[in-house]
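Shown next, in structure tokens, is the structure this report addresses.
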Amino acid sequence: MQAKKLGFGCMRLPLKVPKIQTSVDKKQVCEMVDSFIENGFTYFDTAYMYHAFKSESAMRECLVKRHPRDSFTLADKLPTMMIKFQGEQERIFESQLKKCGVEYFDYYLLHCLNESNYKACKKYSSFEYTAKKKEQGIIKKLGFSFHDNAELLDKILTEHPEMDFVQLQINYLDWNSEKIQSRLCYEVARKHGKDIVVMEPVKGGALANVPAEAEKLFRQYNPDASPASWAVRYAASLDGVMMVLSGMSNMQQLQDNIELYEGFQAA
């Protein structure tokens with residue numbers, strides 16, 4: 001399925017009770033999911049521990065049960081930081097299929113690879129396990145999300161060329177950050193020819209509320225483009241980026257994101 005580049009991040013869904021992560025407002029999520037799909041967007045991104053382990057089941061109720069399976073793509077993640085003994089990842093993966101109500105994942109990631117989690121993946125053969133699921137057709141595209149330095153990323157992709165894509169934190173504020181290393185990690189992924197999914201393009205909302213002087217410069221160039229739209233444009237314009245994720249907590253945020261993306265498309 002050819003997808004528009006905006007992905008629906010399911011880590012910050014609307015809540016019935018503020019700060020109670022299990023109190024997902026499924027009625028509002030259903031409305032948001034419907035609007036997202038009606039506007040031609042298809043990519044949904046969840047994970048095992050999101051919303052205190054309730055995000056996947058929310059996707060089952062609000063997305064999977066209500067829309068044809070071929071009308072959306074679903075990404076889920078193996079919680080590498082939670083694998084402590086042999087056989088645990090098998091149990092988790094099977095539970096994820098049931099919680100999401102699907103027979104396969106379009107995209108599946110080893111979640112949050114860093115030095116320690118990569119060691120765990122090697123210890124418990126997580127790469128081999130997920131590769132087997134891909135061979136069986138239960139995973140369509142296999143990748144990992146990454147939170148470490150570019151040197152480690154290069155090592156992982158060199159040792160595991162079978163990975164289809166990598167999910168990276170990329171935004172213009174972190175582009176030259178010594179800690180995040182957005183640019184260096186992006187360049188490593190491109191060197192290995194991997195598709196890239198972008199997370200935190202607006203850096204948790206920080207780039208939607210820039211200093212007044214910076215916003216003035218943005219508005220001088222294009223009065224109708226918000227600061228957040230420039231952040232989205234920056235990430236989505238990079239070669240090799242197949243998807244830009246955005247967490248959405250209410251209908252207004254979803255509509256704003258759709259407008260941002262459509263504006264980017266028209267530019």
Side-chain angles (χ1 to χ4, degrees), residues 1-16 21 23-48 50-51 54-77 96 99-102 104-109 140-141 143 145 165 167 170-171 195-205 207-208 225-226 228-237 241-267:
M1 167 186 308
Q2 183 64 38
K4 291 184 176 182
K5 283 187 179 181
L6 175 64
F8 192 130
C10 302
M11 185 173 68
R12 303 183 183 98
L13 298 173
L15 302 173
K16 291 182 179 179
Q21 290 297 302
S23 67
V24 176
D25 185 345
K26 293 181 181 178
K27 181 177 183 297
Q28 188 173 174
V29 175
C30 285
E31 294 172 352
M32 293 167 67
V33 165
D34 292 351
S35 179
F36 194 72
I37 290 178
E38 287 168 4
N39 280 277
F41 299 90
T42 60
Y43 192 100
F44 294 83
D45 173 87
T46 188
Y48 187 64
Y50 287 177
H51 280 279
K54 296 298 183 181
S55 177
E56 292 168 324
S57 57
M59 286 301 96
R60 181 187 67 233
E61 298 302 316
C62 301
L63 171 66
V64 176
K65 285 186 175 182
R66 301 175 60 256
H67 292 274
R69 186 63 182 89
D70 61 358
S71 68
F72 63 87
T73 54
L74 183 63
D76 207 341
K77 307 177 187 74
Q96 289 178 301
K99 286 172 68 178
C100 290
V102 296
Y104 65 90
F105 291 115
D106 301 279
Y107 297 89
Y108 196 75
L109 301 87
K140 303 301 181 182
K141 295 286 185 180
S145 61
F165 67 101
Q167 185 166 305
I170 295 178
N171 57 69
D195 288 334
I196 298 168
V197 175
V198 172
M199 55 185 165
E200 299 293 346
V202 194
K203 199 171 174 62
L207 300 183
S226 68
S229 72
W230 286 105
V232 171
R233 180 188 299 272
Y234 185 89
S237 296
V241 169
M242 72 174 198
M243 191 62 56
V244 178
L245 299 178
S246 180
M248 307 190 207
S249 301
N250 54 56
M251 181 62 79
Q252 184 60 53
Q253 288 180 7
L254 182 140
Q255 291 173 341
D256 288 347
N257 278 322
I258 288 174
E259 290 177 7
L260 290 179
Y261 183 80
E262 296 295 2
F264 166 77
Q265 286 288 86

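Just so it is clear, the structure is predicted and the values come from calculations on it, not from any experiment.
Of the listed residues (H51, K16, M59), just one forms a side-chain contact (heavy atoms from CB on, under 4.5 Å) with V24, and that residue is H51. With L63 as reference, I37 is the one residue of I37, D34, V29 to meet the side-chain contact (heavy atoms from CB on, under 4.5 Å) rule. When K77, K141, Q96, K140 are each tested for a side-chain hydrogen bond (donor to acceptor under 3.5 Å, both in side chains) with Y108, only one passes: Q96. Applying the side-chain contact (heavy atoms from CB on, under 4.5 Å) test between M243 and each of L6, V197, T42 identifies V197 as the sole match.
With a 4.5 Å cut-off on side-chain heavy atoms, Y261 and S246 do not count as touching. Residues L207 and E200 have side chains not in contact (no heavy-atom distance under 4.5 Å, counting atoms from C-beta outward). Counting only heavy atoms from C-beta outward, the side chains of S226 and E259 never approach each other to under 4.5 Å.
Closest approach of A235 and V241 over heavy atoms only: O-CG2, 3.6 Å. Closest approach of P201 and V244 over heavy atoms only: CG-CG1, 3.5 Å. The two residues Y50 and C10 come nearest to each other via the heavy atoms CD1-O, 3.6 Å. The two residues F36 and G7 make their nearest non-hydrogen contact at CZ-C, 4.0 Å. Across every non-hydrogen atom of E61 and K26, the tightest pair is CG-NZ, 4.0 Å. Of all non-hydrogen atoms in C100 and V64, the two that sit nearest each other are O-CG2, 3.2 Å.
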Next item on the list: For side-chain contact (heavy atoms from CB on, under 4.5 Å), just list the numbers for D45 and Q167, CA-CA rounded to whole Å, side-chain angles, deciding distance to a tenth of an Å, and then say yes or no.
Entry: CA-CA 11 Å; D45 173 87; Q167 185 166 305; 4.0 Å; yes
Notebook entry, point to check: So M242 and Y107, side-chain contact (heavy atoms from CB on, under 4.5 Å) or not? Walk me through it.
Noted result: CA-CA 12 Å; M242 72 174 198; Y107 297 89; 3.5 Å; yes
Checklist line | Worked check of side-chain contact (heavy atoms from CB on, under 4.5 Å) between L13 and F8 | finding: CA-CA 10 Å; L13 298 173; F8 192 130; 3.8 Å; yes
Next item on the list: Carefully, step by step, assess R69 and D106 under the rule side-chain contact (heavy atoms from CB on, under 4.5 Å).
Entry: CA-CA 10 Å; R69 186 63 182 89; D106 301 279; 2.8 Å; yes
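Atom NZ of K203 sits in a crowded spot, with more than 12 heavy atoms from other residues, nucleotides or ligands closer than 6.0 Å.
Remark: the backbone N or O of S249 is not paired with any side-chain donor or acceptor of R12 at under 3.5 angstrom. A donor-acceptor distance shorter than 3.5 angstrom exists from the side chain of K5 to the backbone of A236, with no hydrogens or angles considered. Looking only at distances, no side-chain donor or acceptor of S35 sits under 3.5 Å from a matching main-chain atom of M32.
Rounding to the nearest 0.5 Å gives a distance of 9.0 Å between CD of Q255 and CG of N250. Here the straight-line distance linking atom OG1 of T73 with atom OH of Y43 works out to 6.5 Å at 0.5 Å rounding. To the nearest 0.5 Å, atoms OG (S229) and OH (Y234) are separated by 15.0 Å. The CE atom of M251 lies 7.0 Å from the CD atom of Q28; values are rounded to the nearest 0.5 Å. The CG atom of N257 sits 11.5 Å away from atom CG of N39, with the distance rounded to the nearest 0.5 Å. The structure places OG of S71 at 10.5 Å from CZ of R66, a figure rounded to the nearest 0.5 Å.
A salt bridge links E31 to K27: at least one charged side-chain nitrogen sits closer than 4.0 Å to a carboxylate oxygen.
Judged by a 6.0 Å distance limit and a 45° cone about the ring axis, K4 is positioned over the six-membered ring of F41.
For D256 and Q252, the side-chain atoms include at least one donor-acceptor pair closer than 3.5 Å.
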